[in-house]
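Quick one: this structure, given as structure tokens, is what I'll be asking you about.
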Amino acid sequence: MDGNGRWARKRLLPRVAGHRRGLETVRSMIRSCIEAGVEFLTLFAFSSENWRRPAEEVSFLLDLFIRALENEVVKLDDNGIRLRVLGDLGGFEPRLVSLIRAAEARTEGNTRLTLSIAANYGGRWDILQAVNRMSAEHPPRPEGYSEELLGGYLALSFAPEPDLFIRTGGEQRVSNFCLWQLAYAELYFTEILWPDFDAQAFSLALESYAQRERRFGRTSEQVTAQKGQTPPRAIEPE
Ligand code: FPP
């Protein structure tokens, strides 16, 4: 969700006004995903590196998160949305952690859309915490570990692999987001700043996705011959 600060600066507003407006886009994206039949939406709200921002901005973002949890969880629940928060929650104050846990518990049974918010999250952190937890529970064996075993310890273990990655704001990098899971995702970059990313911009991203040929390591001819079959989910070299 990149570009909030620039959106605000263009309007001579403080950066935090861009974040406030960015939360509106989060609401509209949730609606668009439900309309499009998307079942899993994962948003990068706060990276492990975002603590380096000015203290007032960090504290504004955390407050925005707390207020969103306090005010919007009932709406999420009423709309059949399951909320998950990914990241190192040890970095947050206890009140925020209890709100997160309560919101996750309240919405656990919902199936229409799983909304995951990555907060104090980093892809490298995720892989490392998974390796540490896996090796604590499974002492090393001569045959080594498998991708499936490790996958079960990753923060997104409950979700299928992502199909589409969207980055707004013009930068063309992944910035430590879902490093493991993005192996076969289609990448989509747009200049549009996150507060301006509306339903029409989302449709364009979906159209671009629909035109991609997902080969999962196979040749184009094999894919054409197989059209209509479910693509394999296993990770294979290109
Ligand atoms: C990146 O834009 C955006 C963030 C670090 C914060 C994202 C947070 C929200 C959209 C609102 C809160 C969301 C929830 C789920 C409560 P930037 O500030 O780096 O923008 P810039 O590159 O233009 O400076």
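When reading the values below, keep in mind they use all heavy atoms of this one structure, side chains included, and skip hydrogens, waters and symmetry mates.
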Tell me whether D88 contacts the main-chain N or O of G90 through its side chain, where contact means a donor paired with an acceptor under 3.5 Å. yes
Do R11 and W7 form a cation-pi contact, if we require the NZ or CZ to be under 6.0 Å from the six-membered ring centre and within 45 degrees of the ring's axis? yes
Verify, without hydrogens or angle tests, whether E104 (side chain) and V85 (backbone) share a donor-acceptor contact under 3.5 angstrom. yes
Between L193 and T168, is there a side-chain heavy-atom distance shorter than 4.5 Å? no
Are any of the side-chain heavy atoms of S116 and L156 separated by less than 4.5 Å? yes
Would you call the rings of F177 and F44 parallel, tilted or perpendicular, where under 30° means parallel and over 60° means perpendicular? parallel
Is the closest side-chain donor-acceptor distance between E213 and S220 under 3.5 Å? yes
Specify whether Y121 and W125 have parallel, tilted or perpendicular ring planes, treating 30° as the upper limit for parallel and 60° as the lower limit for perpendicular. perpendicular
For the residue pair A8 and P14, what are the closest heavy atoms and their distance? CB-O, 3.2 Å
Under a 3.5 Å cutoff, is there a donor and acceptor pairing between the side chains of Q129 and Y153? no
Salt bridge present between R95 and E70 (N-O < 4.0 angstrom): yes
Between R82 and T107, is there a side-chain donor-acceptor contact under 3.5 Å, judged purely by atom types and distance? no
Between R27 and E72, is there a side-chain N and carboxylate O pair less than 4.0 Å apart? yes
How many angstroms lie between atom CZ of R6 and atom CZ of R15, to the nearest 0.5 angstrom? 9.0 Å
Does the distance from a Lys or Arg side-chain N to an Asp or Glu carboxylate O, for D196 and R21, drop under 4.0 Å? no
Using a strict cut-off of less than 4.0 Å between a Lys/Arg side-chain nitrogen and an Asp/Glu carboxylate oxygen, indicate whether R84 and E108 qualify as a salt bridge. yes
Check whether the side chains of R212 and Y188 place a donor and an acceptor atom closer than 3.5 Å, and report yes or no. no
Heavy-atom side-chain contact between Q226 and R218 under 4.5 Å: yes
